*Asks:* 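First the structure, which I've put down as structure tokens, then a few questions once you've had a look.
Given the structure is predicted, the values throughout are model-derived calculations rather than measurements. Residue numbers begin at 1 in each chain, while the letters A, B, ... track the order of the sequences.
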Number of protein chains: 2
Amino acid sequence: MMISTRGRYALRVMVDLAEMATTGYVPMRAVAERQGLSLKYLEQILPVLVKNGYVTGMHGKKGGYRLAKDPAEYRVGDILRLTEGELTPVGCTECGKGSCERAESCRTLPMWNEFHRMVNDYFDGITLADLMQ
Amino acid sequence: MMISTRGRYALRVMVDLAEMATTGYVPMRAVAERQGLSLKYLEQILPVLVKNGYVTGMHGKKGGYRLAKDPAEYRVGDILRLTEGELTPVGCTECGKGSCERAESCRTLPMWNEFHRMVNDYFDGITLADLMQ
DNA sequence: TTTTTTTCCTATCTCTTTAGTAGGTTTATA
DNA sequence: TATAAACCTACTAAAGAGATAGGAAAAAAA
């Protein structure tokens, strides 16, 4: 299983925030309840999104979260890469470095590289706006 | 990481067997050495391929393995599904059953389903023959 | 100024998977 | 009968998945 709950939940949260955009700051407690997810688990995922400027977090009473940009500005690929770590479906294509010394002669590597590209392209072609409504 | 060493090694072994086709039965010891893989680990993977008629195993001296069919007859997808278990990149699309009760209203599920289909189609479109030479 | 409500931070835990190692049994050839 | 191979089964160490838990900091309301 390549995409874990971290990335999937992050995505569901962000779509939820997108759909509740008019309501100002949305407390995560409400999102967790609507989505049937563990609040404590989500609290662990969200600071990453805040730090990278994807959502804005507001402390205290009347606080919560809201999207920092227009839903159409978010690529699903970016959100997944942020929450899951690099989207690397195969060990061979570990980001950047050619980790395998057999790379030159390997019969299967080109296939993995193409797959890696395909996966990232797929998710980069979808925005939060596409997932809404 | 979605595709583990089991499936990747199985594939490399089968391509190796395909390229050594003229040599009769090829002992796994030789394949392991050429590919730089643990013999003991491969010995654990190969019986599955034999049981499903992908390769033929021959006991004893002068024994070894060889492909049961023409390289063009093997789809990479089939080999991976056999050695890895179902190719399910996302928990939501667990084979057959709609495991999630939120399926109806889920904003992200269609994307995961489409992704699941894409992954399987990709690997089903490649044969062992495509990987050779 | 105190209470409440929220984000945020960090530690811990259980279960499963991954990637092997290890040792022995069976089978066929020389 | 010796040898070389497939085959079978158990074990293990490390990592990752999917949380739970407890509390600190901050901001608004009372």
*Asks:* Find the distance A:I45:CD1 to D:dA17:C1' and express it as a whole number of Å.
*Replies:* 11 Å

*Asks:* Closer than 3.5 angstrom, by distance alone: can the side chain of B:R29 be matched with the main-chain N or O of B:L39 as a donor-acceptor pair?
*Replies:* no

*Asks:* Report the nucleotide, chosen from D:dT3, D:dA29, D:dC8, that has the shortest atom-to-atom distance to any side-chain atom of B:K61.
*Replies:* D:dT3

*Asks:* Starting at atom CG of B:L39, determine the distance to atom C1' of D:dA6, rounded to an integer number of angstrom.
*Replies:* 10 Å

*Asks:* Within the modelled atom types, does a donor on one side and an acceptor on the other bring the side chain of A:K40 and the base of D:dG22 under 3.5 Å apart?
*Replies:* yes

*Asks:* Would the distance check show the side chain of B:R6 and the main-chain N or O of B:T83 forming a donor-acceptor pair, the cut-off being under 3.5 Å?
*Replies:* yes

*Asks:* Looking only at side-chain atoms of A:T5, point me to the closest of C:dA19, D:dT3, D:dG18.
*Replies:* D:dG18

*Asks:* Give the rounded distance in Å between these two atoms: CG of A:L42 and C1' of D:dT20.
*Replies:* 13 Å

*Asks:* Distance check needed: C:dG23 C1' versus B:Y41 OH, whole Å only.
*Replies:* 19 Å

*Asks:* With no hydrogens and no angle check, is any side-chain donor or acceptor of B:R12 less than 3.5 Å from a backbone partner on A:T108?
*Replies:* no

*Asks:* Do any N or O atoms of the protein come closer than 3.5 Å to N or O atoms of nucleotides 11-17 of chain C, and which pairs are they?
*Replies:*
none

*Asks:* Salt bridge or not between A:R117 and A:D124? Use side-chain N to carboxylate O under 4.0 Å.
*Replies:* no

*Asks:* Pull out every residue in residues 47-60 of chain A that has a heavy atom closer than 4.0 Å to any atom of DNA chain C, ordered by number, or say none.
*Replies:* A:P47, A:V50, A:K51, A:M58, A:H59, A:G60

*Asks:* Within less than 4.0 Å of OP1 or OP2 of C:dC8, is there a side-chain N or O belonging to A:Y65?
*Replies:* yes

*Asks:* Look up atom CD in B:E19 and atom CZ in B:R34, then write down how far apart they are to the nearest 0.5 Å.
*Replies:* 9.0 Å

*Asks:* For the side chain of B:S4, starting at C-beta, report the closest nucleotide among C:dA19, D:dT20, C:dT29.
*Replies:* C:dA19

*Asks:* Roughly, in whole Å, what's the span from CZ in B:R66 to P in D:dA6?
*Replies:* 14 Å

*Asks:* Find the distance between CE (B:M132) and CZ (A:R107) and round it off to the nearest 0.5 Å.
*Replies:* 9.0 Å

*Asks:* Pull out every residue in residues 16-32 of chain A that has a heavy atom closer than 4.0 Å to any atom of DNA chain D, ordered by number, or say none.
*Replies:* none

*Asks:* Given D:dC8, C:dA30, D:dT20, identify the nucleotide with an atom nearest to the side chain of B:K62.
*Replies:* C:dA30

*Asks:* Check the side chains of A:E73 and A:T127 for a donor-acceptor pair under 3.5 angstrom, ignoring hydrogens and angles.
*Replies:* no

*Asks:* Not counting sequence neighbours, which residues clear side-chain contact (heavy atoms from CB on, under 4.5 Å) with B:A21? List them please.
*Replies:* none

*Asks:* Has B:N120 got a side-chain atom pairing as donor or acceptor with B:H116's backbone, closer than 3.5 angstrom?
*Replies:* yes

*Asks:* Name all residues meeting the ring-ring contact (aromatic ring centres under 6.0 Å, His included) criterion together with B:Y9; count only those two or more places apart in sequence or in a different chain, and write none if there are none.
*Replies:* B:Y41

*Asks:* Both A:E43 and A:Y9 contact DNA chain D. Taking the nearest nucleotide for each, which residue is further toward the 5' end?
*Replies:* A:Y9

*Asks:* Closest-nucleotide mapping onto DNA chain D: is A:R6 or B:G64 further toward the 5' terminus? I mean the 5' end.
*Replies:* B:G64

*Asks:* Quick one: CE on B:M28 to CG on B:L37, what's the gap to the nearest 0.5 Å?
*Replies:* 10.0 Å

*Asks:* In residues 46-67 of chain A, what donor-acceptor pairs under 3.5 Å come from side-chain atoms, sequence neighbours left out?
*Replies:*
{"from": "A:R66", "atom 1": "NH2", "to": "A:Y25", "atom 2": "OH", "distance (Å)": "3.4"}

